[in-house]
Colleague: 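The structure under discussion is supplied below as structure tokens; questions concerning it will follow.
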Amino acid sequence: MASRFNALKADAVWQKVWDDARTFAADDNSPKPRSYVLEMFPYPSGKIHMGHVRNYTMGDVLARFRRMQGMEVLHPMGWDAFGMPAENAAMEKGVHPGGWTRDNIGVMKAQLKRLGFALDWSRELATCEPDYYGHEQALFLELFRHGLVYRKESSVNWDPVDMTVLANEQVIDGRGWRSGALVERRKLSQWFLKITDFADELLEGLSGLEHWPDKVRLMQENWIGRSQGLTFSFALSDGGSVEVFTTRPDTMFGASFVAVAADHPIAQALAADAPAAADFIALCKRGGTTAAELDTQEKLGFDTGLTATHPFDRTQRLPVYIANFVLMDYGTGAVFGVPAHDQRDLDFARKYDLRVRRVVSGGDETDPAFVGNTAYTGPGTLVNSHFLDGMDVTDAKRTVIQRAEGEGWGTGSTVFRLRDWGVSRQRYWGTPIPIIHCDACGAVPVPRDQLPVILPEDVSFDIPGNPLDRHPTWKHVPCPTCGADARRETDTLDTFVDSSWYFIRFASQPKDKPFDRGVAEKWLPVAQYIGGVEHAILHLLYARFWTRALRHIGMLDVAEPFAGLFTQGMVTHETYSRQVTETGSDGVDTITKPLWLSLDDIEKRGDGYIERATGEAVTVGRIEKMSKSKKNTVDPTGIVDQYGADATRWFMLSDSPPERDLPWSEAGIEGSWRFIQRLWRLFDGERLEESAAKNAELDRKLHQTIAGIAVDIEALAFNKAVAKLYELVNAIERAAPSGSRDTAIAALMRLIAPMAPHLAEEAWAAAGNDGLIADAAWPAVDPALLVEDEVTIAVQINGKLRDTLVMAKGTSSEALEAAALASDKIMRILEGKAPRKVIVVPDRLVNLVA
RNA sequence: GCGGACGUGGCGAAAUUGGUAGACGCACGGGACUUAAAAUCCCUCGCCCCUUGGGUGUGCGGGUUCGAGUCCCGCCGUCCGCACCA
């Protein structure tokens, strides 16, 4: 009688064996082909969640599979350990961010180990430790030395209560997400990295990333946002000039006004002595920035009284406005308005009654001069445009640019949407920016031998603001250049800097420098990177930039850090809620809102659920990403303790394609657990003696499965690999005892080893094999066994299936046609008539056209 | 508004890229074993009908083709990204 697989016991046994034997430590000097498999490292927020389990299981299957394929695999893990949540915890609970973070790392590391991931823990790193961020400071100074870092005044989202800068995504409806205070725009001196120097490279590089999802490449392309056009100047009536950028130089003759942003120097200068202009600028700044507001916001302008001279017609004077729809930080902060061919310009012109003149004809206007309230932005032929008349839009653009350059008043130019990367954060829990400010010498880099600049431990979070800034001693240091009293930079680096090079440090981590170039280049680029799509732009763009910057300064010869990228879907769950009413803030109105309930709060009653505590009916809501706020999370720890690591891993890989969301279900994990037990019964069952009979059909199924799931795993199509394994197991279970069956069971152990490694090791050892299955080779495929010798031929009449025939593979078209016409069913339907036409697809079908 | 993805049974999905739609799993239902339960095993399982058979079916409407889930045109819906980008 077969025993039951004791997952909890086996998990512990094999995890210890792997640990003790350092099974998954990567060897830098291995002669084998290398593969670097990496999942995005976690932020140590407290406990791991199902999303982590899914992410790391997928990477683990690939890593283990490639090991079995004979590769030297680097599969490391670490901690993205700096960030705001640690400071929030410090403020709320009175703990130190470092202690909180390191405690969380301890908990989460144990949880990851509990899942049996094939990780090289010897390379573990945490970005909050000086032996990581010290090297980051060195890299920052290298970029500084090469002119890729600069300091500039910039306007930021400032939370006046928390006294900190907020990222755009932390501003909700104009208020700080945490304090609820109205966010202010404030000018601050900030450090920037010159990512725009690499805008072209980063854009061009995308086309070489064949193993990236198209979606992510497109998102980065749009984010970088390259536009080509003409930059030129208008002469102004006050003797000055204003520079504008346009992508539509072809529409020059349709211009009827010039508009500048509220922050534009011309607007600012005017505001200095015209109160009305100042009022208008203030009005512009008050305008909301949310999508809905922008959509409905009226186009407003302030006439400066200045006029601009049209470069093609000196007699033509265009009014100059300050306008609320012109952005200072794109292009030159000034535009010329062509109402007929730009919707915003048209709205503006209609409001201020400016000239609307069509200069591009789409060809189908009944009245070529008429423009309604919809601007025409399509292709066409130039009209009303003197020497451009009759040209198409493309030719006209080229002609105008050539002429502008020839006459010296403008140049063809490229403008990017991408901005330089502001990396200053007024926070404690981050990498200190290694700069010292001296009144005499300016911003001086911290000398190499004084690195790392270590965060002081003795800080307090009882009042808002940056504890580094108010620390009694830390920031007071002598200037490294002149020795005078100077101050440390108290801003810390954006945590995206930490994650922009951790994959390099994983590959090589010498004590005395950020990485050893030769070793890092052995491993990089990462062969397969796996993580959430939420990092499609920021993290992945910054890491690409950082890698290219290191190449630019000659530190590392790698162009792209991640050769393959996979973005996995979220783990989702139903939500449960009960409506509650409460009195609004005015004390009169009542507000009805959902009170979210966790799975533990409810119990099944009939078709629905009731809340345990109150007995009230529960509304089953939509399936959403697991989140604390909706209380629809399932804790992986409880699941692993109940079903074991392998069943948990198996469920994560089953059914849903990995790029799609995975709906969590209790029934699903139970199904996986049953399958693990089913496998164990096979492994633990009776075997025949060596000489037993063959089963050709099962042999073929086995080899098709070996080949098939290798393809599926490489493509990260784990759900398909899982389905193929179910098919093989079904076939083995149905087969009578034979040598083939025993062979298939032995091979099956290795086939499931990447996914259910504990079960596989247990079975491998029980079967009397030496060594670990983790080190075993992937079963070899016999190509002769991949082909079927019989095929099922579909017989169609007019494309409708009428019969099927089992024929030898490779049967001639003539024989197939004859067999089809000889079928009883077919003869009955054709009633003796000959088909008009016969289409034969060998080994597939016969279609008779009646 | 711009850009993109997707839409297949009660559910998660598969379909060799134009060739037998629904593999595989979950759930439901029926049965075997058991005093009983659990576990396990077997069977049915898109929908409809006049049920050894037939009709119909991949969001909707057209089209191309001997043949369309797959290709083309037009709608509808869902989700994601960006957003006054000149």
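Sequence lines set the chain letters: A, B, ... in the order given, protein chains first and strands last, and positions in each chain run from 1. Keep in mind that the numbers below use all heavy atoms, side chains included, and drop hydrogens, waters and symmetry copies.
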Colleague: Would you say A/R802 places a side-chain N or O within less than 4.0 Å of OP1 or OP2 belonging to B/G55?
Modeller: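 It does, given that an N or O in the side chain of A/R802 lies less than 4.0 Å from OP1 or OP2 of B/G55.
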Colleague: Does anything in residues 803-821 of chain A reach RNA chain B, meaning a heavy atom under 4.0 Å, and if so which residues?
Modeller: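 Heavy-atom contacts with RNA chain B come from A/T804.
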Colleague: For A/L218 and for A/R660, find the nucleotide of RNA chain B with the closest heavy atom, then tell me which residue's nucleotide is more 5'.
Modeller: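 Checking each residue's closest nucleotide, the 5'-ward one belongs to A/L218.
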Colleague: B/G25 and B/C45: how far apart are their P atoms, nearest whole angstrom?
Modeller: 15 Å
Colleague: Between A/L679 (CG) and B/U40 (P), how many Å, whole number?
Modeller: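 In whole Å, B/U40 P and A/L679 CG are 13 Å from each other.
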Colleague: When we call it a touch if two heavy atoms are under 4.0 Å apart, what does A/D214 touch: a base, just sugar-phosphate, or nothing?
Modeller: nothing
Colleague: Kindly point out which of B/U56, B/C82, B/G81 is positioned nearest to the side chain of A/W223?
Modeller: B/C82
Colleague: Does a side-chain heavy-atom distance below 4.5 Å link A/M755 with A/W650?
Modeller: yes
Colleague: Which nucleotide wins on minimum distance to the side chain of A/K800, given the candidates B/A86, B/U56, B/C41?
Modeller: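 Given the options B/A86, B/U56, B/C41, the side chain of A/K800 is closest to B/U56.
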Colleague: Can you see which heavy atom on A/R419 is nearest to which on A/I195, and at what distance?
Modeller: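 Distance-wise, the nearest heavy atoms are O-CG2, 3.2 Å.
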Colleague: Using a 90° cut-off around 0 for syn, call B/G9 syn or anti.
Modeller: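 Syn conformation for B/G9.
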Colleague: Looking only at side-chain N and O atoms, does A/N222 come under 4.0 Å of OP1 or OP2 in B/C2?
Modeller: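 So the side-chain polar atoms of A/N222 never come under 4.0 Å of the phosphate oxygens OP1 or OP2 of B/C2.
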Colleague: Quick one: which residue pairs count as a side chain to side chain donor-acceptor pair (under 3.5 Å) with a foot in residues 834-850 of chain A, not counting sequence neighbours?
Modeller: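 Listed by first then second residue: nothing to list.
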Colleague: If you measure from the C1' atom in B/A5 to the same atom in B/C66, how many Å do you get, rounded?
Modeller: 33 Å
Colleague: Roughly how many Å is it from CG in A/N324 to P in B/A86, rounded to a whole number?
Modeller: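 Atom CG in A/N324 sits about 17 Å away from atom P in B/A86.
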Colleague: Check the chi torsion on B/U17 and let me know: syn if it falls within 90° of 0, anti if not.
Modeller: syn
Colleague: Would you say B/C85 has OP1 or OP2 under 4.0 Å from some side-chain N or O of A/R344?
Modeller: yes
Colleague: With sugar-phosphate meaning primed atoms plus P, OP1 and OP2, does A/V841 contact a base, only sugar-phosphate, or nothing at under 4.0 Å between heavy atoms?
Modeller: base
Colleague: Just how far, in rounded Å, is P of B/C42 from CD of A/E733?
Modeller: 7 Å
Colleague: Between atom CD in A/E221 and atom C1' in B/C2, what is the gap in whole Å?
Modeller: 14 Å
Colleague: Taking B/A86 as the reference, what is the distance to B/C6 when you measure between their P atoms (whole Å, please)?
Modeller: 27 Å
Colleague: What interatomic distance, in whole Å, is found between P of B/G9 and the corresponding atom of B/G61?
Modeller: 15 Å
Colleague: Might you point out which heavy atoms bring A/F234 and A/L318 nearest each other, and give the distance in Å?
Modeller: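 Smallest interatomic distance, heavy atoms only, reads CE2-CD1, 3.9 Å.
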Colleague: Side chain of A/A794, heavy atoms from C-beta onward: which of B/U20, B/C85, B/A13 has the nearest atom to it?
Modeller: B/U20
Colleague: Reading 5' to 3' and counting Watson-Crick or G-U wobble pairs with both distances under 3.5 Å, write the dot-bracket notation for RNA chain B, | for bases paired outside the strand.
Modeller: (((((((..(((......[....)))..((((.......))))..((((...))))..(((((..]....))))))))))))....
Colleague: Measuring only the P atom in each nucleotide, how far is B/U44 from B/C50? A whole number of Å is fine.
Modeller: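 That atom pair is separated by 23 Å.
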Colleague: Closer than 4.0 Å, any side-chain N/O of A/K720 to the OP1 or OP2 of B/A15?
Modeller: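 True: A/K720 side-chain N/O within range (under 4.0 Å) of B/A15 OP1/OP2.
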Colleague: Could you work out the separation of B/A38 and B/A32 based on their P atoms and round it to a whole Å?
Modeller: 14 Å
Colleague: Counting any heavy atom closer than 4.0 Å, what does A/Q796 reach on the DNA or RNA strands: base, sugar-phosphate only, or nothing?
Modeller: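 The residue A/Q796 makes base contact.
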Colleague: Using a cutoff of under 3.5 Å, can you pull out all pairs of nitrogen or oxygen atoms linking the protein to nucleotides 24-30 of chain B, with atom names and distances?
Modeller:
{"residue": "B/G25", "atom": "OP1", "partner": "A/N730", "partner atom": "ND2", "Å": "3.4"}
{"residue": "B/A27", "atom": "OP2", "partner": "A/R674", "partner atom": "NH2", "Å": "3.4"}

Colleague: Let me know, please, whether A/N847 or A/R248 comes out on the 5' side of the other along RNA chain B by nearest nucleotide.
Modeller: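 The 5'-side residue here is A/N847.
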Colleague: Please measure how far the C1' atom in B/A21 lies from the corresponding atom in B/U17, and state the result in whole Å.
Modeller: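 Going atom to atom, C1' in each nucleotide, I get 15 Å.
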Colleague: Between A/W664 and A/F651 (judged by ring centroids, cut-off 6.0 Å), do the two rings come close enough to count as a pair?
Modeller: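 Yes, close enough.
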Colleague: Closest to the A/S227 side chain: B/C41, B/G12, B/A86?
Modeller: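 Given the options B/C41, B/G12, B/A86, the side chain of A/S227 is closest to B/A86.
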Colleague: For A/F245 and A/F336, I'd like to know if the aromatic rings sit close, meaning centre-to-centre distance below 6.0 Å.
Modeller: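 No: the rings miss the under 6.0 Å criterion.
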Colleague: Measure the distance from CZ on A/R836 to P on B/C66 and round it to the nearest whole Å.
Modeller: 10 Å
Colleague: Whole Å only: how far is the OH atom of A/Y321 from the C1' atom of B/C84?
Modeller: 18 Å
Colleague: Check step by step if side chain to side chain donor-acceptor pair (under 3.5 Å) holds for A/D803 and A/S823.
Modeller: CA-CA 8 Å; A/D803 199 4; A/S823 142; 2.8 Å; yes
Colleague: Verify, without hydrogens or angle tests, whether A/R357 (side chain) and A/F253 (backbone) share a donor-acceptor contact under 3.5 angstrom.
Modeller: yes
Colleague: May I have the distance from A/L725 (atom CG) to B/A14 (atom P), rounded to whole angstrom?
Modeller: 16 Å
Colleague: Starting at atom CZ of A/R54, determine the distance to atom C1' of B/G12, rounded to an integer number of angstrom.
Modeller: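 Computing the A/R54:CZ to B/G12:C1' distance gives 11 Å.
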Colleague: Can you name the side-chain hydrogen bond (donor to acceptor under 3.5 Å, both in side chains) partners of A/D347, sequence neighbours left out?
Modeller: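 For A/D347, the residues satisfying side-chain hydrogen bond (donor to acceptor under 3.5 Å, both in side chains) (neighbours in sequence not counted) are A/Q343.
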Colleague: Applying side-chain hydrogen bond (donor to acceptor under 3.5 Å, both in side chains), can you list everything that pairs with A/E733, at least two apart in sequence or on another chain?
Modeller: A/R678
Colleague: Hey, can you tell me if A/H310 and A/F312 have their rings parallel, tilted or perpendicular (30° and 60° cut-offs)?
Modeller: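 Judged by the thresholds at 30° and 60°, the geometry between A/H310 and A/F312 is tilted.
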Colleague: If you compare every side-chain N and O of A/K215 against the phosphate oxygens of B/G3 (OP1, OP2), does one of them come in below 4.0 Å?
Modeller: no
Colleague: Are A/F348 and A/Y321 close enough that their ring centres sit under 6.0 Å apart?
Modeller: yes
Colleague: When rounded to the nearest Å, what value does the distance between C1' atoms of B/U70 and B/G18 take?
Modeller: 7 Å
Colleague: Side-chain N or O of A/R844 versus OP1/OP2 of B/G67: is the shortest distance under 4.0 Å?
Modeller: no
Colleague: So do A/E788 and A/Q704 actually touch side chain to side chain, heavy atoms under 4.5 Å?
Modeller: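 With C-beta onward as the side chain, the pair touches.
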Colleague: Walk me through whether A/Y330 and A/S227 qualify under side chain to side chain donor-acceptor pair (under 3.5 Å).
Modeller: CA-CA 11 Å; A/Y330 185 78; A/S227 307; 3.1 Å; yes
Colleague: For the side chain of A/L801, starting at C-beta, report the closest nucleotide among B/A21, B/C84, B/C85.
Modeller: B/A21
Colleague: Have a look at A/V533 and say if it touches a base, only the backbone sugar-phosphate, or nothing, with a 4.0 Å heavy-atom cut-off.
Modeller: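 Touches nothing.
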Colleague: Of all the heavy-atom pairs spanning A/P213 and A/T567, show the shortest one and how long it is.
Modeller: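 Reported closest heavy-atom pair: CG-OG1, 4.1 Å.
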